[in-house]
Structure formats: structure tokens, C-alpha cells
K.L.:
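Okay, here's the structure, questions in a sec.
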Amino acid sequence: MKIGVFALQGAFLEHEQALSRLGVEWREIRRRTDFTDGLDGIILPGGESTTQGKLLHEEGLFEPVKEAIDGGLPVFGTCAGMILLAEKLSNDQNVYFGALNVTVKRNAYGRQLGSFRTELDFKGIGRIPAVFIRGPYVEEVGKKADVLASVDGNVVAVRQKHLLATSFHPEITDDLRVHAYFTDVIRGKI
Ligand code: GLN
């Protein structure tokens, strides 16, 4: 199995480390020529979604990646990656890949309380540590998406077939179970 980790901007190194610890091969995607056949899934990391969206267009990556996602390529989006996957943003006019049947609120926890560490119950995994960094949350979940985790009544993890998205950053904890969950999604195990 080989996973493409988008490395245009943001927290991609930690995803690479998590995949290596799981024994999963990965490749950094920075330019159009990095995004070739032979990838079993991709990770859209946290960072700044507006910047990432701009860079995806500038590098000529946006269209081919959108096509691949629409065609069923498994994707795991964390934080800004969740924003890029959403069909709608409640406080931003931009829409990026528009694949995930949810409405997402950017910077949903405000500037002061935006970053925190907690524990949550993740459906199919159990209790996991979760780090939030000026994260979004899901305000509305459409029919096609399933809720995997919530914090204080706010949805922070969703799955829709080949799409997995979390508001938080599993890659910056030692717990590898969400990445392992994504590899199970790729293998069609769950
Ligand atoms: N606040 C960022 C955004 O809106 C997301 C934060 C993150 O990815 N850690 O793009």
C-alpha cells in the first residue's frame, strides 16, 4: 500500500511519521508530477485551507485530485483537509473538493479557545487522544456521511465511503489507530 501525503503546506511530516510507524509506504505530493498512478489513498493535512487551496490550483493539482476523489480514491483529511473536502463552509464562500456531504465551520472554536487537547470516543476504535489546533467542526451532517466522533455535542470526525475527515490532529499524538483505521478503509475492511 502506498499513500500520497500532500506536502504543499502545513502539518504533513507528522502524517509521514505516523505512516512509517505503521509500516505503510508514502510519497510526498508537492507538484503535478508527484500525483501519479499507484497511490492507494491520499492524506490532506492540517494547515491553512485557503493557502492550500490556492497552492493546489497553482500547482495544477486541483483538477486531477478532484477527479481522483470523485472517482473513489480514498482520502483522509485532517483539519484544513476536512475543510478542503467539505461540500459547504458555513463561514467561508470557498468550496474546494466539495466531496464530503457536510457543512463545516472554519475556526469553529474561536481564536482563544481554538487549540486544546482532549479525549474522545471514536466509533470503531474507542477512546483516543485528540489535539485541536484552530480546528473546524461539522455543523451539519448530510445523509451520505456518518458521524464517527463528537466533542461537547459538536461533530469532529466523519466518514463517507472512501472519505474520512477529522477536525483534530491524530498525527501529532502517539496513537496510530486513526491512521490504521484509514488503512482499513483503503483495504475495504471497514
Ligand atoms: N484554521 C485552519 C483553516 O481554516 C485549519 C487549522 C488546521 O488545519 N490546524 O484553514
Side-chain angles (χ1 to χ4, degrees), residues 3-19 26 28-30 41-59 61-62 65-66 69 74-120 122 128-141 145 147-152 154-160 163-179 181-182:
I3 295 181
V5 180
F6 277 74
L8 295 161
Q9 189 266 346
F12 52 89
L13 284 176
E14 294 83 353
H15 281 291
E16 295 167 0
Q17 282 160 5
L19 293 174
W26 49 267
E28 279 187 0
I29 315 285
R30 291 173 187 267
I42 55 173
I43 291 181
L44 301 174
E48 221 288 316
S49 54
T50 314
T51 308
Q52 292 183 359
K54 210 170 137 227
L55 290 171
L56 282 165
H57 281 289
E58 280 175 17
E59 294 298 329
L61 276 162
F62 185 83
V65 174
K66 178 165 171 42
I69 294 173
V75 191
F76 176 21
T78 53
C79 208
M82 172 191 262
I83 294 167
L84 294 183
L85 285 174
E87 262 177 17
K88 197 174 164 203
L89 305 175
S90 62
N91 55 349
D92 190 316
Q93 286 179 356
N94 287 308
V95 175
Y96 301 93
F97 296 121
L100 191 58
N101 189 206
V102 294
T103 301
V104 166
K105 183 175 184 184
R106 286 185 66 192
N107 301 312
Y109 292 95
R111 287 204 188 130
Q112 301 305 326
L113 295 171
S115 304
F116 58 96
R117 181 181 279 267
T118 187
E119 277 196 352
L120 51 81
F122 196 102
I128 57 162
V131 178
F132 289 77
I133 306 170
R134 294 182 296 283
Y137 60 62
V138 177
E139 278 190 329
E140 277 177 54
V141 184
V147 175
L148 296 178
S150 301
V151 171
D152 299 331
N154 297 315
V155 174
V156 295
V158 288
R159 157 106 188 261
Q160 179 183 321
L163 309 174
L164 174 68
T166 62
S167 305
F168 55 93
H169 292 264
E171 76 284 4
I172 59 176
T173 68
D174 286 336
D175 198 307
L176 298 172
R177 286 177 293 169
V178 179
H179 287 78
Y181 183 98
F182 181 50

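FYI, side chains are in, hydrogens and waters are out, and symmetry mates aren't considered; it's all heavy atoms of this structure. Here the structure is a predicted model, which means the values were calculated and not measured. Counting starts at 1 for both ligands and their atoms, in listed order.
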K.L.:
Backbone, side chain, both or neither: what part of Ile83 comes under 4.0 angstrom of ligand 1, heavy atoms only?
P.N.:
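Side chain only; the backbone of Ile83 stays clear of ligand 1.
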K.L.:
For ligand 1, which atoms sit closer than 4.0 Å to a heavy atom of Glu48?
P.N.:
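Taking each heavy atom of Glu48 in turn, ligand 1 has 10 (O) under 4.0 Å.
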K.L.:
Below 3.5 angstrom, do we get any N/O pair linking Ala80 and ligand 1?
P.N.:
yes
K.L.:
Measuring from the heavy atoms of Gly135, does anything fall under 4.0 Å of ligand 1?
P.N.:
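It does not; every heavy atom stays at 4.0 Å or beyond.
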K.L.:
Among all protein heavy atoms in this structure, tell me which lies nearest to atom 2 (C) of ligand 1, with the distance rounded to 0.1 Å.
P.N.:
Gly47 O, 3.4 Å
K.L.:
So which protein heavy atom does atom 7 (C) of ligand 1 come closest to, and at what separation?
P.N.:
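In this structure, atom 7 (C) of ligand 1 has Cys79 SG, 2.7 Å as its nearest protein heavy atom.
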K.L.:
Is the backbone of Gly46 close enough, under 3.5 Å, to the side chain of Gln52 for a donor and an acceptor to pair up by distance?
P.N.:
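Yes.
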K.L.:
Does any N or O of ligand 1 fall below 3.5 Å from an N or O anywhere on Thr78, backbone included?
P.N.:
no
K.L.:
So is Gln52 in contact with ligand 1, going by heavy-atom distances below 4.0 Å?
P.N.:
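Gln52 does not count as a contact of ligand 1 under the 4.0 Å cut-off.
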K.L.:
Hey, are Arg106 and Glu48 close enough for a salt bridge, meaning a charged N less than 4.0 Å from a carboxylate O?
P.N.:
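Yes, this pair counts.
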K.L.:
Can you confirm if the aromatic rings of His179 and Phe76 lie within a centre distance of less than 6.0 Å?
P.N.:
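Yes, close enough.
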K.L.:
Using a 3.5 Å cut-off on N or O atoms only, is Gly46 in polar contact with ligand 1?
P.N.:
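By distance alone, the answer is no.
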K.L.:
Kindly state whether the ring of Phe62 and the ring of Tyr96 have centres lying under 6.0 angstrom apart.
P.N.:
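Distance test on ring centres: not under 6.0 Å, no.
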K.L.:
Write out the residue and atom name of the closest protein heavy atom to atom 1 (N) of ligand 1, then the distance separating them to 0.1 Å.
P.N.:
Asn107 OD1, 2.6 Å
K.L.:
Do the ring planes of Phe116 and Phe132 sit parallel (below 30°), tilted (30 to 60°) or perpendicular (above 60°)?
P.N.:
parallel
